[in-house]
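What follows is a short report on a single structure.
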Amino acid sequence: MRGNFSYHNPTKLYFGEDSLNFLKDELKNFGPVVLLNYGSGSAKRNGIYDQVISILKDAGKTVIENPGVMSNPTLEKLNEGVRIAREHKVDLILALGGGSVCDYSKAVSASAYFEGDYWDKFWIRQEQPAAEQRLLPVACVLTMAGTGSEMNAGTVITDAAHHFKAGHVFDSRLMPRFSILNPRFTMTVPENQMKSGIYDIMNHIMEQYFSDFDDNTSDYIAEGLMRSLIYSSRIAVKNPQDYDARSNIMWTATWALNTLIAMGKKEDWMVHMIGHSLGAWTHAPHGFTLASVSMAYYRRAMKNGLPKFVRFAKNVWNISGEGLTDEQIAEEGLEALKDWMLEIGLPLTISELGATAEMIPGITETTVIYPAGYLNLTKADVAEILKESL
Ligand code: NZQ
Ligand code: ZN
């Protein structure tokens, strides 16, 4: 384990069927005005909104509601949230929803008291808020498993007018103060979003796993998380109401992207960069955008990262490798990944998401590129990967 790092994660988690009971006590730590961000209706339909509102009212909070936070939240919606937070002098931002609402709430927190163009500072120039800048505390009641946003400082916002989806990872001040994870709340997530979340989790782990060659404890943790996810996902797609499977998926999602398995790693993230761009053009669920370009990407990465792909085949997919060359073992590992993706019903082509050959130059143009795990991609490579994924 060769990297130098510091590890700090301040988010307090409450997990399980009783976890919402802890909201009342947590609220005592914050001032009277709560900005409640939520999505486009699911929380009202499944009753979670009513439960949260009643806890907030019992705690004597003034609740400012900001509904309509869409999947893949936009810059326009961020501007609206910033205006509301400033106007009502909010003390706590409570996100009720999936990764989009959690991300959005952190984005509002970072932007509300920044004097200037927050989009340019945080999402274009990728800077951090100054030490003296006021940041509003954020907390999440999570209703969908996938992004890990409940225990990280990531925020992904889309400038829809320019087809540009930009992620920014803030420093740990923007991590939620607490997050409430009740697996029961995820039972009503539509099937396609559940599957999208499952692949998002898998790909978060892979983005961190597929870099470097040193023997690193983070990679052993990553392998355990992948094995658990593969096992539970197979159960969940057959029976979405299986509590053990859904709770394991939710817990795996959190650990897949709360920075732990990135320790000592260079990391990759190019599947996400291409996926984000694809998402800005197609509005497809985030995990589907990642799934649709993965096979073309990892076949390329395998050539430079062969030993790690051999390890992936053996330790994650139980491929014995007897009598096979390293290339053959690595290829069998990728085939096993592909078979699993087909088994759980993920899209393996970008056409399934509505992308066309004509869109490829645009998607390529808005893909952010940097030196990644085992590849140093050019724009021409990105276009090629998209073409192979059609
Ligand atoms: O808006 P509502 O009506 O609530 O419906 C949502 C939404 O349409 C629905 N949903 C959520 N919980 C539900 C439910 N429907 C029924 N019952 C429930 N319990 O599901 C849909 C998708 O929700 P969304 O929050 O958009 O999904 P997800 O959690 O996948 O978040 C996606 C966003 O997170 C970003 C993505 O780019 C995307 O913008 N990411 C954030 C990351 C981070 N913070 O680190 C990393 C990820 O790689 C990702 O980029
Ligand atoms: Zn993701």
Side-chain angles (χ1 to χ4, degrees), residues 11 37-49 51-52 66-75 77-78 95-107 123 138 140-160 164-170 174-176 179 181-208 240 246 249-250 253-254 256-259 262 267-280 283-291 293-294 368:
T11 302
N37 293 328
Y38 55 96
S40 308
S42 74
K44 286 202 169 167
R45 283 193 299 277
N46 57 28
I48 306 169
Y49 166 88
Q51 294 179 52
V52 169
N66 180 20
V69 179
M70 63 291 282
S71 198
N72 308 314
T74 61
L75 175 56
K77 183 69 183 170
L78 171 60
L96 170 58
S100 291
V101 184
C102 287
D103 276 18
Y104 173 81
S105 299
K106 289 177 245 174
W123 287 274
V138 173
C140 301
V141 176
L142 192 69
T143 64
M144 146 141 193
T147 64
S149 188
E150 65 275 13
M151 204 182 186
N152 70 37
T155 55
V156 183
I157 302 293
T158 299
D159 176 356
F164 185 53
K165 187 172 183 180
H168 180 56
V169 182
F170 285 91
L174 258 292
M175 286 180 178
S179 285
L181 280 62
N182 181 345
R184 285 265 171 241
F185 290 172
T186 69
M187 299 285 189
T188 53
V189 169
E191 202 181 303
N192 70 331
Q193 290 290 350
M194 177 185 75
K195 292 174 177 176
S196 166
I198 288 170
Y199 192 71
D200 193 23
I201 301 165
M202 185 69 176
N203 196 251
H204 290 161
I205 305 170
M206 292 167 71
E207 296 272 30
Q208 295 161 93
R246 297 303 289 271
I249 290 170
M250 194 172 207
T254 303
L257 196 53
N258 68 359
T259 75
E267 308 177 56
D268 189 329
W269 297 108
M270 273 315 299
V271 169
H272 266 70
M273 293 302 103
I274 303 171
H276 280 172
S277 187
L278 189 56
H283 308 292
H286 169 63
F288 285 0
T289 65
L290 309 174
V293 296
S294 278
V368 176

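In listed order, ligands and their atoms are each counted from 1.
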Considering both backbone and side-chain atoms of Ser100, is one of its nitrogen or oxygen atoms within less than 3.5 Å of a nitrogen or oxygen in ligand 1? yes
Just which atoms of ligand 1 are under 4.0 Å from any heavy atom in Lys165? 36 (C), 37 (O), 38 (C), 39 (O)
Can you tell me which portion of Phe185 lies within the under-4.0 Å heavy-atom range of ligand 1? Options are side chain, backbone, both, or neither. backbone
Could you tell me, atom by atom, which parts of ligand 1 come under 4.0 Å of a heavy atom of His204? 46 (C), 47 (C), 48 (O)
Would Met187 count as a contact residue for ligand 1, given that I'm defining contact as a non-hydrogen atom of the residue lying under 4.0 Å from a ligand atom? no
Under 4.0 Å from a heavy atom of Asn46: which atoms of ligand 1 are those, numbered in the order shown and with their elements? 17 (N), 18 (C), 19 (N)
Answer with yes or no whether the side chains of Asn72 and His283 bring together a donor and an acceptor at under 3.5 Å. no
Heavy atoms only: which of Thr147, Asp103, Thr143 is nearest to atom 44 (N) of ligand 1? Asp103
Under a 3.5 Å cutoff, is there a donor and acceptor pairing between the side chains of Lys77 and Asn37? no
Gap separating the OG1 atom of Thr259 from the CE atom of Met175, nearest 0.5 angstrom: 5.0 Å
I'd like the name of whichever of Asp200, Asn152, Val101, Asn72 reaches closest to atom 45 (O) of ligand 1 through any heavy atom. Asn152
Numbered atoms of ligand 1 (with element) below 4.0 Å of His272, judged on heavy atoms: 48 (O)
Polar contact flag for Ser40 and ligand 1 (N/O pairs, less than 3.5 Å): yes
Closest non-hydrogen protein atom to atom 50 (O) of ligand 1, residue and atom name please, with distance? His276 NE2, 2.9 Å
Under the side-chain contact (heavy atoms from CB on, under 4.5 Å) rule, what do Thr11 and Asn258 come out as? Steps first, then yes or no, please. CA-CA 9 Å; Thr11 302; Asn258 68 359; over 6 Å; no
If you define the side chain from C-beta out and look only at heavy atoms, does anything of Arg246 sit under 4.5 Å from Pro240? yes
Contact check, side chains of Asn152 and Lys106, non-hydrogen atoms, under 4.5 Å: yes
For atom 29 (O) of ligand 1, the closest protein heavy atom turns out to be Gly99 N, 2.7 Å
Should Ala43 be counted as touching ligand 1, given the test is an N or O pair under 3.5 Å? no
The Zn ion (ligand 2) is nearest to which N, O or S atom of His272? NE2
Quick one: does any side-chain atom of Thr155 pair with a main-chain N or O of His168 as donor and acceptor, under 3.5 Å? yes
State, yes or no, whether a side-chain contact exists between Phe185 and Met250 at a heavy-atom distance under 4.5 Å. no
Ligand 1 to Pro190 polar contact by distance, N or O atoms, under 3.5 Å: no
Which atom, among the N/O/S set of Asp200, is closest to the Zn ion (ligand 2)? OD1
Regarding atom 30 (O) of ligand 1: of the candidates Met194, Arg45, Met144, His286, which has the closest heavy atom? Met144
Element-labelled atoms of ligand 1 that are located less than 4.0 Å from some non-hydrogen atom of Leu257: 45 (O), 46 (C)
Given NE2 of His286 on one side and NE2 of His204 on the other, what angle do they make at the Zn ion (ligand 2), to 10°? 170°
Is the His286 ring parallel, tilted or perpendicular to the His276 ring (thresholds 30°, 60°)? tilted
What I want to know is whether Gly41 and ligand 1 share at least one N or O pair that is separated by under 3.5 angstrom. yes
Leu257 versus Thr147: any side-chain heavy-atom pair under 4.5 Å? no
Quick one: are Ser179 and Leu142 in side-chain contact, heavy atoms under 4.5 Å? no
Tell me whether Gly97 reaches ligand 1 (any heavy atom closer than 4.0 angstrom to a ligand atom). no
Heavy-atom distance under 4.5 Å between the side chains of Arg184 and Ile48, does that happen here? no
Protein residue, atom and distance nearest to atom 17 (N) of ligand 1, heavy-atom basis: Thr188 OG1, 2.7 Å
Filtering Ser71, Ser42, Gly39, Gly287 for the heavy atom nearest atom 6 (C) of ligand 1 leaves Ser42
Before giving the answer on side-chain contact (heavy atoms from CB on, under 4.5 Å), spell out for Leu96 and Val101 the whole-Å C-alpha distance, their side-chain angles and the decisive distance to 0.1 Å. CA-CA 7 Å; Leu96 170 58; Val101 184; 5.6 Å; no
If we number the atoms of ligand 1 from 1 as shown, the ones under 4.0 Å from a heavy atom of Ser149 are 44 (N)
Between ligand 1 and Met70, can you find any atom pair, the residue atom being a heavy atom, that is separated by under 4.0 Å? no
Flag the pair Phe288 / Lys195 as yes when at least one side-chain heavy-atom distance between them is below 4.5 Å, and no otherwise. yes
Without hydrogens or angle criteria, can the side chains of Thr254 and Glu150 be said to hold a donor-acceptor pair below 3.5 Å? yes
